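These numbers come from a predicted model, not from an experiment. To find a chain, count down the sequence lines: A is the first, B the second, and so on, and within it residues start at 1.
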2 protein chains.
Amino acid sequence: MEPPALLWSVDNCTIARAMAIIGDKWTFVVLRDVFQGIHRFDQMRVRTGIPRQVLTNRLDRLVAEGLLRREPYREEGSRTRTEYRLTDKGLDLYPVLVAILAWGDRYLADPEGSPIELVHRDCGAPVHAPLNCTAGHEVKSPREIAPRPGPGARRRV
Amino acid sequence: MEPPALLWSVDNCTIARAMAIIGDKWTFVVLRDVFQGIHRFDQMRVRTGIPRQVLTNRLDRLVAEGLLRREPYREEGSRTRTEYRLTDKGLDLYPVLVAILAWGDRYLADPEGSPIELVHRDCGAPVHAPLNCTAGHEVKSPREIAPRPGPGARRRV
DNA sequence: TTGCTGGGTCTGTCAATAAGACCTAGCCTG
DNA sequence: CAGGCTAGGTCTTATTGACAGACCCAGCAA
């Protein structure tokens, strides 16, 4: 019983392409901070504990990939410096962050619970990213989901 | 204007802990295949192009972390071999995969579109993971979301 | 002119990845 | 019962990346 997936090429797989950009230990830790309003090199460094050089590399890559942009700022009595802000492409990673946080909270949190909660600014209720289908059904288990070839699918050679 | 996030410790951050497990270039590529019904070493290797040793390491780690389990199987005329199957902890990463796929499809797909679609097995409609809050509101933009300290939050020293 | 500060670079060490050859347990066939 | 086949791995070597810590540097203020 050959799995049908074996018939299809994966060389244009968007998951693999995404992981080439965001697939490392630190990127989401950086994004977590930026999403939380931390935009400056040294603040990130202190919070995350990332080695300077690695943080420099990550920020450079995130800027090169268009997830962050550099923005000059000038504080009273200091010279102009740069801070890092999310682009739309970066902001659109928020659902991924929410999903990772949900998983981490479930399996990796201390007994007291998660140190971070994400709430809807207006109503104060927690935010989640539940699976559902566009027909409006709630998807209770991943087993209800079937993968199938999309418009960009190519047969394997 | 100090960002309030700076007051809080991040040493028990569940995002960082999650990234220590799943934060690398290959893990989600492996999980993608397992979710698609590919459970055997060589099939994964051919599809993903991962170097053998790295695939061995990843599978070992995923088993050690309890996301996959080894299952012996026996095919007609062959000796017993092992295949890799998702545990509940691994299955629960599905929403993360869905979110990554959505982002990748939006920003990284070829012009023809994504090679993979995930559909609801019963109704055939595409599956997504939209953000919403537990009060039932749809969250249209990440800007509507505010982070706040959770039950496990600790002040920085 | 000296010092402070944020955002870096330089250097050296060690761990992870990549590529490719080699190994091994058991089943089958000659 | 020798030899080949196969899935699921090791072994070796070269290259890249992570890490730690020292150092640098522009410009504002005292």
Step by step, work out the side-chain contact (heavy atoms from CB on, under 4.5 Å) result for M44(A) and R47(A).
-> CA-CA 5 Å; M44(A) 294 182 203; R47(A) 267 171 65 88; 6.0 Å; no
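- Whole-Å rounding puts the R45(A) CZ to dA18(D) C1' distance at 15 Å.
- D42(B) places its CG atom 8 Å from the C1' atom of dT6(D), with the value rounded to the nearest Å.
- Geometrically, R155(B) engages W8(B) in a cation-pi contact, judged by NZ or CZ lying under 6.0 Å from the ring centre and within 45° of the ring axis.
- With hydrogens and angles disregarded, no donor-acceptor distance shorter than 3.5 Å links the side chain of R148(A) to the backbone of I116(B).
- Of the charged side-chain nitrogens involved, at least one lies within less than 4.0 Å of a carboxylate oxygen, so that E112(B) and R154(A) count as a salt-bridged pair.
- With rounding to whole Å, R74(B) atom CZ is found 12 Å from dC28(C) atom C1'.
- The separation between E76(A) atom CD and dT5(C) atom P is 17 Å, rounded to whole Å.
- Between Y84(A) and R70(A), the side chains place a donor N or O and an acceptor N or O closer than 3.5 Å (distance only, hydrogens not considered).
- Between the side chain of T14(A) and the backbone N or O of A109(B) there is no donor-acceptor pair closer than 3.5 Å.
- Residue Y73(A) places at least one side-chain N or O closer than 4.0 Å to OP1 or OP2 of dG7(C).
- Distances shorter than 4.0 Å separate none of the side-chain N or O atoms of K25(B) from OP1 or OP2 on dT16(D).
- Using a 4.0 Å heavy-atom distance criterion, R52(B) is classed as a base contact.
- Within residues 53-64 of chain A, the residues having any heavy atom closer than 4.0 Å to DNA chain C are, in order of number, Q53(A), T56(A).
- Atoms CZ (F41(B)) and P (dG9(D)) sit 6 Å apart, rounded to a whole Å.
- Regarding D24(A), its CG atom lies at a distance of 16 Å from the C1' atom of dA15(C), rounded to whole Å.
- Comparing atom distances between the R79(B) side chain and each of dG8(D), dC27(C), dG8(C) picks out dC27(C) as nearest.
- Relative to the side chain of T82(B), the nucleotides dC19(D), dA7(D), dG9(D) differ in distance, and dG9(D) lies closest.
- The listed nucleotides are dC28(D), dG6(C), dG8(D); the one nearest the side chain of R81(A) is dG6(C).
- Closest contact between the side chain of P51(A) and the listed nucleotides dC19(D), dG8(C), dG9(D) involves dC19(D).
- At least one test fails for R52(B) against the ring of F41(B): distance under 6.0 Å to the centre or angle within 45° of the axis.
- When heavy atoms are screened at a 4.0 angstrom cut-off, T80(A) is found touching no nucleic acid atom at all.
- Straight-line distance from the CD atom of Q43(B) to the C1' atom of dG9(D): 16 Å, rounded to whole Å.
- Atom pair E75(B):CD and dC28(C):P shows a separation of 13 Å (rounding to whole Å applied).
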